[in-house]
Amino acid sequence: MEKNEIEKRIAELTKILNEANYNYYVLDESKITDQEYDKYLKELTELEAMYPAYANENSPTKRVGGEVVSKFQKIVHEKPMLSLANVFNEEEIFDFDMRIKKEGVIPEYVCEYKIDGLGISLIYEHGVLVHGVTRGDGVTGEDVTHNVKTIKSIPLVLKEPISIEVRGEVFMHKKTLEKLNKERKDNGEALLQNVRNAAAGSLRQQDSKEAAKRELDCFIYYLPEPEKYGLKTHFETLEFMQKLGFKVNPENKLVDDYVGILKYIKKATEKRGKLSYEIDGVVIKVNDLDMQKKLGFTAKYPKWATAYKFPAQEVLTKLKDIIFTVGRTGQITPNAVLEPVIVMGSTIRRATLHNEDNVLKKGLMIGDIVAIRKAGDVIPEVVEAKVERRTGEEIPFQMIKECPMCHTPLVKKEGNVDYFCLNPECPKRNIGALIHFVSRDAMNIEGMGDEIVEELYNLGFINTIPDLYTLKDKVKQIIEFDGYGEKSLNKIIENIENSKNNSLERLLFGLGIEGIGNKTAKLLASTFGDIDNLRKKTEEDLQNIKDIGKVLAINIVKYFKENTELINKLKEIGINMQYLGVKQKYDEEITGKKFVITGTITDVSRNEIKEFLESFGGITSESVSTKTDAVILGSNPGSKYDKAVKLNIPIWNEEKIKEKMGK
Ligand code: IVH
């Protein structure tokens with residue numbers, strides 16, 4: 001074939017396949033047969049392989065995946081991806097409607113299904129998909145373009161060559177989850193919990209071939225900059241996006257008023273079970289875009305929209321047993337063992353019963369029929385026993401007196417509802433500590449699941465944290481003992497070795513110091529930079545940091561005093577003890593404190609001050625409250641100044657802030 005013929009044929013095939021995808025995945029109607037589709041796809045794949053110079057970045061052949069990324073690039077959203085405020089009943093919907101009406105206009109609303117998936121931002125340049133970015137924390141997301149390209153309802157090329165950002169929800173169909181879980185069960189793999197987790201996990205695959213297998217789908221529901229395209233209402237933006245080739249939910253509906261919203265919710269509730277995908281509520285949006293603009297946003301939510309969440313689903317099942325687990329701190333927790341039931345798309349087998357008081361208050365007996373409740377991502381809860389269904393065979397609950405593992409008598413700490421096993425040698429406590437150390441938010445040692453840790457502990461290969469790092473010398477013995485695959489074991493060992501390079505906050509969290517969650521660990525790491533600096537600090541030093549209270553300060557000092565040997569040993573092993581992120585600059589008067597700026601300050605812009613304070617971990621907010629630590633006062637201040645005086649809040653004058661900034 002001639003050069004230009006090849007190019008022409010590639011373009012032709014691309015067009016045919018793109019159109020076929022669009023018809024099938026967006027419009028839900030096939031115009032060519034599967035065989036024809038496969039034939040064209042094969043031809044295009046072969047042509048691209050032979051003439052890679054003509055292969056297009058956004059060719060439909062990319063839909064099957066194959067691109068592998070080692071790390072997800074972080075991308076800051078042009079405009080933050082906000083969440084939605086929730087309402088749970090008619091009264092709250094009424095209040096929402098009233099708040100909107102207060103603005104003096106009678107609004108029209110668009111009602112949409114609230115799709116249970118995860119938010120995505122799609123960026124097109126001159127009509128070509130260039131980025132697919134997850135919501136992340138709303139400000140920064142992850143670039144998952146390679147996986148997004150495998151979602152067939154997302155156009156790789158738009159019907160118009162425009163540059164645009166749209167947002168929507170990536171989700172997995174219920175049937176797909178069932179199919180994947182069946183395969184996983186057959187392979188002895190852990191099951192995917194629900195459609196949302198499954199979709200999120202799929203988008204975070206490093207190999208897009210894996211993502212392609214997950215058959216994700218996507219509805220588009222939001223255009224961040226509608227004014228650019230001369231649109232006047234939200235409903236018009238939906239139509240506009242549909243015309244560009246996006247899949248927009250046909251169930252979206254324009255309603256006149258509050259009554260219309262309630263009718264829509266009623267219908268959605270009825271239809272919910274019959275849909276091929278999960279919805280967890282209804283989103284209500286003001287239709288008029290000028291009005292949306294007028295209503296604006298809070299820091300987290302648009303004020304012009306709200307999400308009605310369906311009530312938590314309750315199902316009945318049998319409480320087969322109550323068993324006790326020992327946490328890494330020695331805390332004893334009663335757990336309900338349930339006859340497996342599906343609630344909101346996930347199978348529930350266990351539910352925490354928290355503590356003895358909770359079980360007694362609910363009057364649970366073993367053998368009871370109990371109501372289980374689950375709402376979205378909320379942990380399942382045992383609501384109550386159906387007393388009327390008792391047969392007389394139920395067994396009363398009794399709290400245990402000894403540790404179920406090491407039989408040490410349990411103790412209840414003063415003022416605490418929980419019982420503890422205080423034996424420092426208790427195997428369950430040690431196992432718990434190891435599981436915590438390797439967990440995702442701690443040292444993130446992939447492949448080292450709870451069962452493996454427990455097994456290696458029980459076989460005597462690991463006892464304490466440093467032992468993890470000696471596993472590499474025991475590979476042969478482990479394989480002999482337990483028949484682990486050499487390859488998978490070596491991968492775990494490699495991950496353990498790599499964890500030595502983690503930034504300090506992971507280690508600090510992983511050590512399991514009482515009261516230190518991953519946020520505090522990050523705060524400590526970024527403030528003090530390395531562990532030696534941190535362990536030198538006194539209780540007073542630590543309390544100077546905002547968010548570190550007295551109890552936490554005591555715990556930290558006590559921990560380092562009692563664990564010098566462990567820390568030294570970990571250091572010797574070669575575990576990094578330094579903070580590798582951008583070091584938080586520290587200033588006693590700024591770090592962790594809340595500021596409000598009012599009035600004008602000569603030669604320094606408000607933004608400069610804001611950035612300066614934030615670079616020291618300070619927070620700025622718009623309104624003065626009792627939580628404000630200082631008000632920065634320029635000339636011609638507003639009412640914020642009066643409020644600060646009233647609340648007795650320290651005032652920083654121009655000189656003080658300029659001096660801090662070195663101006
Ligand atoms: S609109 C600025 N519409 O629900 C408005 N969100 O709980 C942005 N969601 O973060 C959101 N279906 O990921 C909107 N029809 C829909 C939605 C929807 C699902 C998700 C979205 C959002 C979350 C908030």
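For ligands, and for the atoms within them, numbers begin at 1 and follow the listed sequence. Computed from a predicted structure; not experimentally measured.
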Do me a favour and list the nearest non-hydrogen protein atom to [atom] with residue, atom name and distance?
| atom | result |
| --- | --- |
| atom 12 (N) of ligand 1 | Ile115 N, 3.0 Å |
| atom 22 (C) of ligand 1 | Tyr221 OH, 4.3 Å |
| atom 15 (N) of ligand 1 | Glu112 OE1, 2.8 Å |
| atom 24 (C) of ligand 1 | Leu84 N, 3.6 Å |
| atom 8 (C) of ligand 1 | Leu82 O, 4.2 Å |

For [Y], is there an ion pair with [X] - N to carboxylate O distance below 4.0 angstrom?
| X | Y | answer |
| --- | --- | --- |
| Lys594 | Asp629 | no |
| Arg99 | Asp95 | no |
| Glu384 | Lys362 | no |
| Lys253 | Glu251 | no |

Indicate, as side chain, backbone, both or neither, the part of [X] found under 4.0 angstrom from ligand 1 when only non-hydrogen atoms are considered.
| X | result |
| --- | --- |
| Val283 | side chain |
| Lys285 | side chain |
| Phe219 | neither |
| Glu169 | side chain |

For Phe616 together with Phe612, are the ring centres under 6.0 Å from each other?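 Aromatic pair counts; centres sit under 6.0 Å.
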Determine whether the side chains of Ser208 and Asn147 contain a donor N or O and an acceptor N or O closer than 3.5 Å.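 No.
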Can you tell me if Asn21 and Tyr37 form a side-chain donor-acceptor pair at under 3.5 Å?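 Yes, because at least one side-chain N or O of Asn21 sits under 3.5 Å from a partner of the opposite role on Tyr37.
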Counting from 1, what ligand 1 atoms have a heavy atom of Gly119 closer than 4.0 Å?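 Within the 4.0 Å cut-off of Gly119, ligand 1 contributes 13 (O).
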Pro302: numbered ligand 1 atoms lying under 4.0 Å from its heavy atoms: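 Matching atoms, with element in brackets: 2 (C).
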For Lys114 and ligand 1, does the shortest N/O to N/O distance drop below 3.5 Å?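 Yes - when backbone and side-chain N and O of Lys114 are compared with those of ligand 1, one distance drops under 3.5 Å.
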May I ask you to test the Glu142-Gln73 pair for a side-chain heavy-atom distance under 4.5 Å?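 No, side chains not in contact.
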For Ala305 and ligand 1, answer yes if some heavy atom of the residue is under 4.0 Å from a ligand atom, otherwise no.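 Outside the 4.0 Å threshold, so no.
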In terms of ring plane angle, is the pair Tyr124 and Phe246 parallel, tilted or perpendicular, where the classes change at 30° and 60°?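 Tyr124 and Phe246: perpendicular rings.
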